[in-house]
Amino acid sequence: MCDDDNNNDNEAHHGTEAHHGVGRRALFVTGAAAALTLGSVSFASAAGAADGGQETRTVRGTLPPGSPDFVYVPVEVPAGVREIKVAYTYDRPSVPAGTPGNALDIGVFDERGTELGGEGFRGWSGGARTEFFVRADDATPGYIPGPVREGTWHIALGPYTVAPQGLTYEITITLTYGEPGETFRPTYPPSRAKGRGRAWYRGDCHLHSWYSDGRRTPAEIAALARAAGLDFINSSEHNTHAAHPHWASEAGDDLLILLGEEVTTRNGHVVALGTDPGTFVDWRYRARDNRFGRFARRIRRAGGLVVPAHPHATCVGCNWKFGFGEADAVEVWNGPYTPDDEVALADWDGMLVASVRDGGRDWIPAMGNSDAHRDPDSVGLPQTVVLADDLTREAIQEGIRAGRSYVAESKTVSLAFTASGGRGRHAGIGDRLEVDRDTPVTVRLEVTDAPRCTVRFVTDQGVLFTSAPLPVAGSGVVEWRTTPSYAAYVRAELRHETAAGPVPGALAAFTNPVFLGRV
């Protein structure tokens, strides 16, 4: 389509600043989602370029509705380049109500190529930035510093949504020649902080800084995490690990910083929680491509947990389509409590009910995170409170994986949840009380700082007990008696008062279950 008005042509064309030629479209499959590769953009050899000199090319084109998920613009980079800089714009025409407008993401792969899961990834900013640069010693947040080596680089475009009129874009590529300079050497936060031994530790594992689409620096997030009473956090930028080395200076004896990524596909998002430093997890696939299992294994091989995020969120591409067979935990509560969290909670409870068929051996724990991006998003709303042997990466992950955790809306809310019965046996959150089917069991919840909240005990049979509101002081103890034959598991919900009617109030906290009975 180039710069003409031929909106019936499904080709995607581009030319140089001087309008030299037309790139041919090549549709190929990368082992996952189909992708479109345009004609190459060439630059003069470095032999003719002065040290510190620059060359610029401009690419223009139009993408039609129904374009592939990813469009690659090859750039032939000669030897002797110090920096590559890319700026882009695209049109945003008016669209009818209820119709998505244009949204175009961007990133870059180096001369090692665009192979799915390969080593060529050099950065992604989605739609958060209009330009970026990469050089040996530095890069735009979201991008990986390193030498700009000779070869075919690829600018990656992600037409997230395309208006009925199509999406017209312009990309300006500038190469600066000269000595590359000293290569950036990353350092990473330690995998251990000064803990309290076996204790309950509070964390927020879904956060965004300016290394993706957030607006806060790592230093600002760390300060907010400490103010929110958190003991650990997890770096989870969209589709990039570029932030990992920039957290090292923010860790301390009082704050463990785990490293990860929010793998943001077109069919849902998954938090890679606590991976090895520098781990990149590809996102360029859909559920129909049958590739998610490969990358879930990649997360686990790198020492991380696989946590589907906001599975019932309503944003484009956010709803989880990959199933939960690979999940180590699931994010049931994301940010301020909303109706999609209520749906996620009900869906998770349905998974718990299904797990009862095998005695609850394969249940998936729930967690909650803030997904905070910018003011006024609150870091630590909600937060996952984990029983762990120490404040280390491995111990925190083991506590989450085992479901020894509850979720609270703030540092002030604390819960203690146990089940006891039969010769003094007792079990806590995420554990099993091994007693016979008809043994009387007492379920006990101790609550701190939740004024006027109501306690609900939820089982595989539904909500079987609802308390009167707690006193204004916010503390109290609620007990309920049952048997394993009546309730295969019990979990607790702490909910705010509602004005009227049968609809439950927003969550203040909830626990993972205690299972009752012998397997």
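Using modelled atom types, one finds a donor on one side chain and an acceptor on the other under 3.5 Å when comparing Thr338 with Asp341. Side chain to side chain, Asn369 and Glu331 meet the donor-acceptor criterion of an N or O pair below 3.5 Å. Between the side chains of Thr418 and Arg444, not a single donor N or O lies within less than 3.5 Å of an accepting N or O. Judged by distance alone, the side chains of Ser370 and Asp204 do bring a donor and an acceptor atom under 3.5 Å apart. Under the 3.5 Å distance criterion, with hydrogens and angles disregarded, a donor-acceptor pair is assigned to the side chains of Asn512 and Ser405. Side-chain atoms of Glu409 and Tyr337 form no donor-acceptor pair, as typed in the model, at a separation below 3.5 Å. With hydrogens and angles left out, the side-chain atoms of His154 and Thr114 include no donor and acceptor closer than 3.5 Å. The closest side-chain donor-acceptor pair between Thr466 and Arg495, if any, does not fall under 3.5 angstrom. Defined by atom type and a distance below 3.5 Å, a donor-acceptor pair is present between the side-chain atoms of His269 and Glu262.
Taking the six-membered ring where tryptophan is involved, the planes of Trp124 and Trp283 are tilted, since the angle between them lies from 30° to 60°. Note on ring orientation: taking the six-membered ring where Trp is involved, the planes of His310 and His206 are tilted (angle from 30° to 60°).
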Might you work through the side chain to side chain contact (heavy atoms under 4.5 Å, CB included) test for Trp348 and Val353, ending with a clear yes or no? CA-CA 9 Å; Trp348 171 66; Val353 173; over 6 Å; no
Using the rule given for side chain to side chain contact (heavy atoms under 4.5 Å, CB included), can you reason through Ile396 versus Leu391, listing the C-alpha separation, both sets of side-chain angles and the distance that settles it, and then say yes or no? CA-CA 7 Å; Ile396 292 295; Leu391 189 52; 4.1 Å; yes
Using the salt bridge (charged side-chain N to carboxylate O under 4.0 Å, His left out) rule, take Lys194 and Asp254 through it: C-alpha gap first, then chi angles, then the decisive distance, then the call. CA-CA 6 Å; Lys194 186 178 181 181; Asp254 62 334; over 6 Å; no
After noting the C-alpha distance and the side-chain angles of Arg491 and Asp349, does the key distance pass the salt bridge (charged side-chain N to carboxylate O under 4.0 Å, His left out) rule? CA-CA 10 Å; Arg491 60 180 183 84; Asp349 193 68; 2.9 Å; yes
Step by step, would you call Asp213 with Arg129 a salt bridge (charged side-chain N to carboxylate O under 4.0 Å, His left out)? CA-CA 8 Å; Asp213 62 342; Arg129 288 182 168 78; over 6 Å; no
Walk me through it: do Ser125 and Tyr143 pass the test side-chain hydrogen bond (donor to acceptor under 3.5 Å, both in side chains)? CA-CA 8 Å; Ser125 49; Tyr143 292 79; 2.7 Å; yes
Decide yes or no on salt bridge (charged side-chain N to carboxylate O under 4.0 Å, His left out) for Asp436 and Arg518, but give the supporting numbers first. CA-CA 6 Å; Asp436 293 334; Arg518 304 186 190 277; 2.8 Å; yes
Before you tell me yes or no, could you show the steps for Arg300 and Glu326 under side chain to side chain contact (heavy atoms under 4.5 Å, CB included), namely the whole-Å CA-CA distance, both residues' side-chain angles and the distance that decides it to 0.1 Å? CA-CA 10 Å; Arg300 280 193 281 269; Glu326 297 285 353; 2.3 Å; yes
For the pair Arg226 and Leu255, evaluate side chain to side chain contact (heavy atoms under 4.5 Å, CB included) and give the outcome as yes or no after the intermediate values. CA-CA 7 Å; Arg226 288 179 165 99; Leu255 186 64; 3.6 Å; yes
Let's go through Ser414 and Arg202 carefully: what are the C-alpha distance in whole Å and the side-chain angles of both, what is the deciding distance for side-chain hydrogen bond (donor to acceptor under 3.5 Å, both in side chains) to 0.1 Å, and is it a yes or a no? CA-CA 10 Å; Ser414 294; Arg202 294 175 178 264; 3.1 Å; yes
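At least one side-chain heavy atom of Asp371 sits under 4.5 Å from a side-chain heavy atom of His208. No side-chain heavy atom of Trp480 sits under 4.5 Å from any side-chain heavy atom of Thr442. For the pair Tyr160/Leu104, no side-chain contact is recorded, criterion being any heavy-atom separation below 4.5 Å from C-beta on. Proximity of His241 to Thr279: side-chain heavy atoms (C-beta onward) are nowhere separated by under 4.5 Å. Put simply, the side chain of Asp431 does not reach to within 4.5 Å of the side chain of Ile429, judged on heavy atoms.
Contact record, Asp282 with Gly117: OD2-N, 2.7 Å, taken as the closest heavy-atom pair. The two residues Phe515 and Pro513 come nearest to each other via the heavy atoms CE1-CG, 3.7 Å. Shortest non-hydrogen contact noted between Pro484 and Val435 is CG-CG2, 3.7 Å. A pairwise comparison of heavy atoms in Ala450 and Leu494 identifies CB-CD2, 3.4 Å as the closest pair. Between Phe457 and Phe417, the shortest heavy-atom distance links the atoms CE2-CE1, 3.7 Å. When all heavy atoms of Ala366 and Val332 are compared, the pair lying nearest together is CB-CG2, 3.5 Å.
Distance check: Phe121 CZ to Arg284 CZ gives 9.0 Å after rounding to the nearest 0.5 Å. Separating the CD atom in Gln397 from the CG atom in Asn234 is a distance of 8.5 Å, to the nearest 0.5 Å. In this structure, the separation between CD1 on Ile364 and CG on Asp328 is 9.0 Å, given to the nearest 0.5 Å. Rounding to the nearest 0.5 Å places CG of Leu116 at 3.5 Å from CZ of Phe295. Atom-to-atom distance recorded for Arg401:CZ and Leu305:CG is 5.0 Å, nearest 0.5 angstrom. Remark: Ile221 CD1 to Tyr211 OH distance equals 10.5 Å, nearest 0.5 Å.
Although no hydrogens or angles enter the test, the distance criterion places no donor-acceptor pair under 3.5 Å between the side chain of Ser378 and the main chain of Leu381. Between the Asp358 side chain and the Gly360 main chain, a donor and an acceptor come within less than 3.5 Å of each other. A donor-acceptor distance shorter than 3.5 angstrom exists from the side chain of Ser236 to the backbone of Leu207, with no hydrogens or angles considered.
Applying the 6.0 Å contact sphere to CD of Glu119 captures no more than 12 heavy atoms from other residues, nucleotides or ligands. No more than 12 heavy-atom neighbours from other residues, nucleotides or ligands sit within 6.0 angstrom of NE2 on His426.
Across Arg374, Glu220, Glu237, Arg216, a single residue satisfies side chain to side chain contact (heavy atoms under 4.5 Å, CB included) together with Ser209, and that is Glu237.
Side-chain rings of Trp363 and Tyr489 stay apart, their centers remaining 6.0 Å or farther from each other. Checked against a 6.0 Å centroid threshold, the rings of Phe322 and Trp320 count as neighbours.
Cation-pi geometry between Arg122 and Phe280 is not satisfied (NZ or CZ under 6.0 Å from the ring centre, within 45° of the ring normal).
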